[in-house]
Protein chains: 2
Amino acid sequence: MKPTCKYPRPALTVDCVVFGFDEGDLKVLLIERDLEPFAGRWALPGGFVQVDESLDDAALRKLREETGVNRVFLEQLHTFGRPDRDPRERVVSVAYYALVKLSLHGVKAATDARNAAWFAVNDLPRLAFDHGEIVEVALQRLKNKARHEPVGFELLPPKFTLTQLQHLYETILETPLDKRNFRRKILSMDLLIETDEIEKNVAHRAARLYRFDEAGYRQLRKKGFLFEL
Amino acid sequence: MKPTCKYPRPALTVDCVVFGFDEGDLKVLLIERDLEPFAGRWALPGGFVQVDESLDDAALRKLREETGVNRVFLEQLHTFGRPDRDPRERVVSVAYYALVKLSLHGVKAATDARNAAWFAVNDLPRLAFDHGEIVEVALQRLKNKARHEPVGFELLPPKFTLTQLQHLYETILETPLDKRNFRRKILSMDLLIETDEIEKNVAHRAARLYRFDEAGYRQLRKKGFLFEL
DNA sequence: CCAAATAGTGTCAATTGCACACTATCTCAA
DNA sequence: TTGAGATAGTGTGCAATTGACACTATTTGG
């Protein structure tokens with residue numbers, strides 16, 4: 001292969017906004033930088049794209065390497081390319097966002113070699129580079145996405161209560177929802193499978209657990225079904 | 001500045017899907033390649049990102065250089081990075097899509113030094129690289145965007161009839177719309193300003209011309225107004 | 001067994017969506 | 001000048017959906 005471009009090239013990285021949901025808060029996974037620039041600041045997990053790997057693969061690899069997160073919802077978000085976004089040299093970053101079930105992945109991330117931690121999105125520290133801006137764009141995208149596609153389930157454990165689901169949507173959409181109307185709507189969509197299990201270890205009446213019906217959802221989509229919250 | 005990455009770097013380009021609307025068809029602006037690879041094939045306008053220009057600037061520059069298109073709606077679409085998408089070497093491309101008023105820009109594009117032409121999206125030739133795939137993604141995005149934001153006006157002349165507007169939406173959304181319901185809905189949104197002009201040179205009753213009220217739309221947005229077709 | 005905590009359930013009114021067909025106006029050609 | 005062709009413009013009724021609203025049921029722990 002001969003090069004097609006004689007100009008200097010920007011470096012190319014991926015960065016991931018990893019969302020989790022826990023105790024009523026939407027959280028983002030950050031990593032503490034140990035090198036300059038921005039040593040000591042928190043930043044998004046990410047790194048250089050290798051020359052023979054696709055962008056999606058690069059994002060998946062970085063997630064695995066830096067956070068131990070494995071099979072998750074992952075989607076490209078936006079590409080950030082302000083010439084001065086990295087003080088060293090020109091770096092263009094393809095940002096992704098991921099939705100993980102915190103109940104499964106929560107522990108692992110915090111015990112990695114590098115210092116990693118979950119932060120509530122409403123209480124983030126100042127981030128390195130333009131990562132604050134990237135998180136903003138990701139939040140906006142998640143909000144839009146959640147309204148039109150059933151991605152919320154990616155943030156909940158496999159079995160969940162309707163109240164958990166409602167709280168999740170209230171958090172993402174930043175708006176309160178009426179309990180009875182919410183239940184009527186979500187149940188009428190035929191996307192939830194009622195299990196015969198109930199919550200454990202609660203000091204009050206236990207709620208029924210539901211599962212998301214992924215196969216059923218794919219069927220419905222083919223028939224033109226539109227998810228709308 | 002010292003380089004941050006010792007690996008070989010992918011080349012970085014931008015490609016633009018330029019949409020126009022004419023005679024009831026949604027069209028895309030393509031350029032005929034004169035160099036290998038894919039010499040003679042049609043491709044999206046685009047080219048290398050320079051090391052000191054932002055991605056948006058690169059897209060605007062390429063639009064200007066290759067198509068003469070100037071002040072238009074332009075938005076980042078998606079970044080395409082399959083390792084084998086360019087047979088020469090690794091090239092990652094940040095794709096944009098643009099909406100232009102064909103009535104204003106139509107002529108210029110076709111008379112550029114390089115061979116450029118508008119093609120109906122339903123009748124595209126085989127494109128170079130993965131550009132066919134990029135156009136597909138752009139069409140999908142336009143469809144979603146048009147449902148939730150009033151971008152359609154970017155494709156119409158400054159003054160237009162309600163019938164033109166309806167045809168445009170029918171084309172983008174690939175679905176027929178009821179004339180009376182469409183008019184009721186769009187007029188009730190208070191986004192259109194009725195001019196005192198009517199169509200010229202038609203062999204039948206002339207329709208009233210409307211303008212899109214951009215300032216009014218920004219006001220409404222602040223008050224939480226949601227465009228929905 | 002009672003207090004605390006949350007689960008779960010139905011109705012009515014208002015709004016919105018959707019199907020549907022005729023009259024008005026203008027041009028052009030005979 | 002007039003009639004045919006073409007498109008503009010207009011309203012109603014029914015069905016479906018949304019949104020507001022409050023009480024009873026169940027479980028635990030003290």
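As a basis for the values below, the full set of heavy atoms in this structure was taken, side chains included, without hydrogen atoms, waters or symmetry mates.
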Under the rule for side chain to side chain donor-acceptor pair (under 3.5 Å), what residues qualify as partners of [X], not counting sequence neighbours?
X	answer
A/Q166	A/E170
B/D22	none
A/S54	A/D57
B/Q164	none

ring-ring contact (aromatic ring centres under 6.0 Å, His included) pairs, two or more places apart, involving residues 154-202 of chain A: A/F153-A/F160
What is the separation between atom [atom1] on [X] and atom [atom2] on [N], rounded to the nearest whole Å?
X	N	atom1	atom2	answer
B/E228	D/dT18	CD	C1'	15 Å
B/N201	D/dT7	CG	P	15 Å
A/R208	D/dT26	CZ	P	13 Å
B/R183	C/dC18	CZ	P	18 Å
B/F182	D/dA8	CZ	P	12 Å
A/Y210	C/dA7	OH	C1'	10 Å

Phosphate-side-chain proximity, A/K185 and D/dT18, N/O vs OP1/OP2 below 4.0 Å: yes
Can I get a per-line list of side-chain donor-acceptor pairs under 3.5 Å for residues 203-214 of chain B, giving both atom names and the distance, sequence neighbours left out?
from   : atom 1 : to     : atom 2 : distance (Å)
B/R208 : NE     : B/T195 : O      : 3.0
B/D213 : OD1    : B/G216 : N      : 2.9

If you restrict it to nitrogen or oxygen atoms, what contacts under 3.5 Å exist between nucleotides 2-6 of chain D and the protein, and what is each distance?
from  : atom 1 : to     : atom 2 : distance (Å)
D/dG5 : N2     : B/A203 : O      : 3.4

Separation of A/E149 CD from A/L229 CG (nearest 0.5 Å): 13.0 Å
Ring pair (Phe, Tyr, Trp, His ring centres under 6.0 Å) partners of B/F119, counting only residues at least two apart: B/W42
Contacts of A/T175 that satisfy side chain to side chain contact (heavy atoms under 4.5 Å, CB included) - sequence neighbours left out: A/L173, A/L177
Distance-minimising heavy-atom pair for B/V151 and B/A146: CG2-CA, 3.9 Å
Contact residues, residues 191-199 of chain A to DNA chain C [heavy atom, < 4.0 Å]: none
Using residues 129-144 of chain B as the side-chain source, report each donor-acceptor pair under 3.5 Å to any protein atom, sequence neighbours left out, with the distance given to one decimal.
from   : atom 1 : to     : atom 2 : distance (Å)
B/D130 : OD1    : B/R85  : NE     : 3.3
B/D130 : OD1    : B/R85  : NH2    : 3.0
B/D130 : OD2    : B/R85  : NE     : 2.7
B/H131 : ND1    : B/L44  : N      : 3.0
B/E133 : OE1    : B/R82  : NH1    : 3.4
B/R141 : NH1    : B/L77  : O      : 2.9
B/R141 : NH2    : B/Q76  : O      : 2.9
B/K143 : NZ     : B/E174 : OE1    : 2.7
B/N144 : ND2    : B/Q140 : O      : 3.4

hbond_proxy A/R184 side chain to C/dG8 base (donor-acceptor, 3.5 Å cutoff): no
Interface with DNA chain D, restricted to residues 155-181 of chain A and to heavy atoms under 4.0 Å: A/D178, A/R180, A/N181
